[in-house]
Amino acid sequence: MNQLLRTIPKVTEFFEQVEITALQEIYAPNFVTECVREVLEQVRGRILAGEMTELPEMAELCRWVERHARQKAMPSLRRVINGTGVVLHTNLGRSCLSERAVEAVAQVARGYSTLEYDVPSGTRGSRHDHVEKLLCELTGAEAAMVVNNNAAAVMLILTAMGQGGEVITSRGELVEIGGSFRIPDIMGLCGCRLREVGATNKTHLYDYERAIGPETRALLKVHTSNYRIVGFSETLPVREIVELGRKYDLPVIEDLGSGSLVDLLPLGIHDEPTVLQSLQAGVDVVSFSGDKLLGGPQAGIILGRKDLIAKLKKHQLARAIRVDKMTLAGLQATLASYRDQTAYQEIPTLSMLAVGKEHLQARAAQLCRLLQDRGIRAEVIGQSSPVGGGSVPTQLLPGYAVVVDPGKGTVNDLEEALRCRELPIVGRINQEQYLLDVRTLFDEDLEYIAASVEEVLA
Ligand SMILES: *Cc1c(COP(=O)(O)O)cnc(C)c1O
């Protein structure tokens with residue numbers, strides 16, 4: 001073993017090889033040195049573990065360095081193929097942008113833009129203007145602003161409107177979103193006191209009313225987007241909370257979470273309130289995410305009364321959580337699809353949720369055929385998937401998946417091999433079967449998937 005370890009070439013020897021000097025044309029010299037070191041470290045480890053009893057030739061080692069460099073240089077943030085069927089997969093980046101939005105982002109990213117520039121007057125403009133008018137036209141809101149995400153939106157609203165006082169919320173709505181964003185803790189952070197009222201399953205209007213006092217700054221309703229309380233329970237219609245707010249001259253805030261601009265009932269999705277319903281009920285300030293059911297880039301959208309939104313825009317925190325030109329461009333283009341009534345065709349989130357069963361079945365059959373043509377055993381099965389992104393938690397959308405036979409290997413081997421490809425394919429294992437749910441697959445990826453499975457199984 002010691003003999004073998006002594007024969008490992010030195011780092012400097014690699015730099016006498018043409019393959020390695022060629023690599024230095026592509027990558028920084030330090031990076032290449034690092035790659036050589038890491039490959040040699042692996043070789044040493046394998047010798048010590050008794051896995052390697054003979055040293056490969058120099059040319060082979062150089063190939064390992066090349067391969068290692070390619071892998072190491074691959075961006076860690078890159079596209080994946082989502083075969084889970086979960087449309088709003090938070091770990092996979094939630095919404096896919098429409099082509100229109102992608103184009104708009106690319107345009108402003110590449111060059112200078114009208115971000116804070118008013119073209120007709122040639123003077124300074126406001127970045128809020130790019131989406132405010134559209135949002136107001138689409139929803140009938142008096143005013144709008146956009147911040148980094150909905151968590152930031154909630155923080156800004158609570159800080160600007162509740163600091164130093166109490167905000168009343170139902171015990172049934174003390175949501176945790178994940179990533180430790182919890183309504184009770186956020187209140188503390190924003191400098192307001194949470195006044196929780198009612199019980200977990202029921203809160204009555206009189207619970208709110210009794211809690212109102214000189215310290216009360218606002219009434220907060222939180223959409224329990226990622227859970228539901230069923231059974232002996234009742235949620236108070238927001239309209240009633242609004243009436244109470246009016247009576248005591250207190251603003252009503254609603255954190256809608258997913259915030260759909262369209263009614264999802266025709267898609268078979270129940271009890272997901274729309275932004276319009278909230279505004280029509282008279283809520284003073286409502287906030288929701290840009291990349292959940294809306295189908296745009298990550299953002300927090302705030303709509304509501306002009307005087308209150310003006311206060312939020314002027315707040316010091318607003319600057320710290322403002323959005324950049326790419327977000328605004330992507331959001332403007334996404335909203336334009338709603339205005340042009342092409343949202344269901346253009347916005348992937350909506351089309352993936354709305355796609356018909358026949359269409360899904362046809363896509364599954366096509367993938368299955370592509371696999372079978374390559375001698376791979378596969379079959380189409382009915383499969384339901386959740387919407388994801390902490391939205392619509394109690395409902396599954398019926399669809400189809402393709403079960404891929406792992407051949408001589410195990411289901412786990414197949415899952416790992418497909419996941420570790422340069423363009424990773426993320427599938428699902430269910431009851432010892434490897435599944436690709438076709439709801440979240442793009443038609444243009446089916447060939448690649450079939451070819452990848454063939455390569456992996458070979
Ligand atoms: C998702 C969600 C949030 C957080 O939104 P992000 O855009 O992910 O920051 C806040 N509140 C509710 C009710 C949510 O569902």
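Note that ligands are numbered from 1 as they come in the structure, with each ligand's atoms numbered from 1 the same way. As a basis for the values below, the full set of heavy atoms in this structure was taken, side chains included, without hydrogen atoms, waters or symmetry mates.
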ask   = What's the spacing between Ser170 OG and Ile229 CD1 if we round to 0.5 Å?
value = 7.5 Å
task = Apply side-chain hydrogen bond (donor to acceptor under 3.5 Å, both in side chains) to the pair Ser337 and Glu346, showing each step before the final yes or no.
result = CA-CA 7 Å; Ser337 294; Glu346 289 176 349; 2.5 Å; yes
ask   = Taking Ser126 for the side chain and His128 for the main chain, is one N or O donor matched with an acceptor at less than 3.5 Å?
value = yes
task = Not counting sequence neighbours, list each pair that qualifies as a salt bridge (Lys or Arg N to Asp or Glu O under 4.0 Å) and has a residue in residues 321-338.
result = Glu116-Arg322
request  = Identify, chain by chain and in numerical order, each protein residue with a heavy atom under 4.0 Å from an atom of ligand 1.
outcome  = Arg94, Asn149, Asn150, Ala151, Ile177, His223, Ser225, Asp255, Gly257, Ser289, Lys292
task = Determine yes or no for a side-chain-to-main-chain donor-acceptor pair under 3.5 angstrom, with His315 supplying the side chain and Leu317 the backbone.
result = yes
ask   = Angle class for the Phe31/Tyr27 ring planes (parallel below 30°, perpendicular above 60°, tilted otherwise)?
value = tilted
